[in-house]
Amino acid sequence: MENTDFQSIASKLLKPLKILITTHTSPDGDAIGSSLALAFYLRKKHHHVILMAPDPFPDFLAWMPGHNDILVFSKDREACITAIGNADMIIAADYNNFARLNDAAPLVRQSKAVKVLIDHHLNASDEFSLKISVSRISSTSELVYSIIEAMGDNDLLDKEIAECIYAGIITDTGSLSYSCNYVKTYLIVAELIRLGVDGEHLHRLIYDTYSESRLRLLGYSISDQLTVLPGYHTAFITLSKADLEKFNHQIGDTEGVVNYALSIKDINLAALFMERDGIVKASFRSKGNFSVDKLAREHFNGGGHRNAAGANLETSLAETVSKFRDILPSYQDALKSVYS
Ligand code: 5GP
Ligand code: MN
């Protein structure tokens, strides 16, 4: 499906609607940032907006304006079911397949609401009637900025919206270190600072909030749990349930761990496999033109972006790692030169 033009979307928003903004499981900074920014904007346009995430977001996002109003399906089930039932419009922000709503997916799919996609991942499902999907952009949060701009509503931007968009851009680009080779991203960041964002302060709120056990878990992941396979330009980390319990794992504690495996010279593919809630959560990262979206889709029923993707697997940790090792030979050539 082609992207919907802005005018068609604008025409659907002429009268006040009950809008439910949803985002993906294990919400990250861009999921929460883009959802909140969109909510603030749509409320200024006189819509009634409710936000819903499938499960809780990490504590390092708990400074964000409006975060207390986000309904969490796994905790506030009844309120979420009511909100889904009442919605005229349901927006999917920062994901592109309702499957990523976990238990809320069937309810959202059954809803008669107009379904709108606002996202930057590859391979959107066809369950949306309106779609704004842009993959060559830093983040969904940046996309929200561009939508507000395209709607001619720059005058509605304020510090709150700017902080949410800034958090989304910063967290989805590793503090402007990947997925951000775009002039527009930097121009928008400059504009966000002009709107009152204190970039240094927000950076500290997001990144300098480790608990001692989180930092020790990071150290353990690297010193004890990292496997490096130079022949395949690959490195991966495994964390069992027992490992996570030993370090009193909290939601968000493993965020960023996989990037350390990718920071090794000549490592072009990195993975983190961890046992969580009876499943194995896989995170994949790559350099250059090696697509982990493709790898995750073809072998692990997951997906994401070219250089950052994930999957949730029913297999055991050992089975998952063994499968990962088994597929590496088929990528050996592709992993050799990722910048050609
Ligand atoms: P992370 O490794 O940080 O959890 O996720 C990396 C990227 O892959 C994110 O953009 C995320 O939305 C996407 N992703 C993570 N898990 C899944 C999954 O199970 N399925 C799909 N399609 N995408 C995922
Ligand atoms: Mn994102």
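In what follows, every heavy atom counts, from backbone to side chain, and hydrogens, waters and symmetry copies are set aside. Remember, it's 1-based here, ligands and their atoms both numbered in the order they're listed.
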Worksheet item: Using a distance threshold of 2.8 Å, what protein N/O/S atoms lie below it relative to the Mn ion (ligand 2)?
Response: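 D30 OD2, D94 OD1, H120 NE2, D172 OD2, with waters left out.
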Before we go on, tell me: are the rings of [X] and [Y] under 6.0 Å apart, centre to centre?
X	Y	answer
F60	Y210	no
F284	H299	no
Y166	Y145	no

Worksheet item: Exactly which residues line ligand 1, taking a heavy atom under 4.0 Å from it as the test?
Response: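 Only R100, H121, K281, S283, R285, G302, G303, G304, H305, A308, A309, G310, A311, N312 have heavy atoms that fall under 4.0 Å of ligand 1, ordered by chain and number.
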Would you mind checking if [Y] and [X] are paired as a salt bridge, meaning a charged N to carboxylate O distance below 4.0 Å?
X	Y	answer
E127	R109	yes
D158	K44	yes
K323	E319	no

Discussion item. Among residues at least two apart in sequence or on other chains, which ones pass salt bridge (Lys or Arg N to Asp or Glu O under 4.0 Å) with D293?
Written reply: R297
Worksheet item: Within the distance-only criterion (no hydrogens, no angle test), does the side chain of T23 pair as donor or acceptor with the backbone N or O of S35 below 3.5 angstrom?
Response: no
Item to complete: Kindly state each residue pair satisfying side chain to side chain donor-acceptor pair (under 3.5 Å) with at least one member in residues 229-239, sequence neighbours excluded.
Response: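 Non-adjacent pairs meeting side chain to side chain donor-acceptor pair (under 3.5 Å): Q225-T238.
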